[in-house]
Amino acid sequence: KVLVMVLGDLTCCIAAFVLALLLRFEFAIFGADIRVHLAYLPVVLVPQILSFLFFHVYASMWRYTSIRAVLRLCAAVTFAFMVSLAFLGYFWDGVFSRGILVMDALLAVLFTSGLRVGVRLYFERKGCKAESARRHFQPGRQKRRILILGAGSAGELILRELHKTAGDVAVAILDDD
């Protein structure tokens with residue numbers, strides 16, 4: 001599963017680099033120019049994938065993507081951007097546009113986090129449909145009215161899960177505050 005996640009991120013990062021390149025040159029880059037700039041692709045990709053591993057981006061499954069996971073992804077892309085910028089600063093030959101790096105970093109965050117959020121939404125929607133169908137076709141079953149004790153993070157999690165399922169409804173949340 002990690003290999004699939006790495007390949008997904010690799011695809012997103014390559015797409016981000018190519019789109020950044022096209023945006024920088026207003027979709028008017030041809031022949032030798034594109035080959036020169038594509039030669040810098042490993043300088044961008046290797047730090048990105050290594051920083052994803054270093055920042056434990058693959059520690060959780062995409063179907064459970066959270067805000068914390070997206071922030072960890074942003075930190076990994078920022079770190080990779082800094083490494084690529086430092087490398088190009090030391091070995092820069094004046095050909096590669098550093099503006100491509102900035103656009104690439106922004107697009108990489110957008111594409112990789114979008115992929116994760118899309119997978120999460122897919123599984124949530126798939127789970128909602130299956131749960132709804134399962135509960136809908138139980139003859140004679142009525143919705144249970146549930147009282148949630150505790151309005152903290154656990155209570156919020158329970159309420160969120162109840163909204164995903166079609167069978168039960170929360171009528172109140174009770175807290176000691």
Side-chain angles (χ1 to χ4, degrees), residues 1-131 152-154 156-157 160-161 163-164:
K1 291 182 180 181
V2 173
L3 180 63
V4 171
M5 293 192 297
V6 170
L7 290 175
D9 283 342
L10 196 59
T11 303
C12 287
C13 291
I14 290 170
F17 183 82
V18 170
L19 184 58
L21 186 63
L22 291 171
L23 287 171
R24 167 61 182 87
F25 293 103
E26 298 175 355
F27 292 87
I29 185 168
F30 304 102
D33 287 338
I34 199 161
R35 280 193 297 276
V36 166
H37 282 83
L38 285 178
Y40 287 95
L41 185 61
V43 174
V44 175
L45 281 183
V46 171
Q48 283 178 342
I49 298 301
L50 291 178
S51 69
F52 288 172
L53 293 171
F54 179 75
F55 280 86
H56 304 287
V57 169
Y58 304 113
S60 64
M61 298 302 294
W62 285 351
R63 68 182 346 176
Y64 306 115
T65 296
S66 63
I67 298 296
R68 180 173 289 166
V70 173
L71 290 175
R72 193 170 41 240
L73 184 68
C74 289
V77 170
T78 302
F79 180 76
F81 168 73
M82 295 297 190
V83 169
S84 296
L85 195 61
F87 182 83
L88 287 174
Y90 188 74
F91 293 106
W92 191 56
D93 57 2
V95 175
F96 188 77
S97 172
R98 288 170 289 190
I100 295 171
L101 282 181
V102 174
M103 286 186 281
D104 172 67
L106 294 172
L107 291 170
V109 167
L110 181 70
F111 290 172
T112 54
S113 61
L115 177 63
R116 285 162 171 72
V117 169
V119 168
R120 178 179 172 159
L121 290 174
Y122 169 77
F123 279 107
E124 279 186 7
R125 189 75 180 143
K126 180 180 170 185
C128 285
K129 285 181 181 177
E131 184 68 21
S153 58
E156 180 186 1
L157 181 64
R160 208 174 286 203
E161 286 298 318
H163 283 296
K164 287 182 190 176

Going through the distances and angles, do I100 and F17 end up as a side-chain contact (heavy atoms from CB on, under 4.5 Å)?
CA-CA 8 Å; I100 295 171; F17 183 82; 4.1 Å; yes

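Closest heavy-atom contact between P47 and S84: CG-OG, 3.6 Å. Considering all non-hydrogen atoms of both residues, L45 and C13 come closest at CD2-CB, 3.4 Å.
Between atom CG of residue L23 and atom CG of residue L107 there is a gap of 6.5 Å, rounded to the nearest 0.5 Å. Q48 contributes atom CD, which lies 5.0 Å from atom CG of D104 (distance to the nearest 0.5 angstrom). Residue L19 holds its CG atom at 13.5 Å from CD1 of I14, rounded to the nearest 0.5 Å. Between I49 atom CD1 and F54 atom CZ the span is 15.5 Å, to the nearest 0.5 Å. To the nearest 0.5 Å, atom CE of residue M103 and atom CZ of residue R98 are 13.0 Å apart.
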Please table the atom pairs, donor to acceptor, closer than 3.5 Å between any side-chain atom in residues 67-77 and protein atoms at least two apart or in another chain.
{"residue": "R72", "atom": "NE", "partner": "H56", "partner atom": "O", "Å": "3.3"}

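For H37 and F25, the distance between ring centers is under 6.0 angstrom.
Salt bridge D9/R116: present, at least one basic N to carboxylate O contact under 4.0 Å.
No more than 12 heavy atoms of other residues, nucleotides or ligands lie within 6.0 Å of OH in Y90, so this atom counts as exposed by the packing criterion.
Ring pair F52/Y58 is perpendicular by interplanar angle, where above 60° counts as perpendicular and below 30° as parallel.
With hydrogens and angles disregarded, a donor-acceptor distance shorter than 3.5 Å links the side chain of R120 to the backbone of T65.
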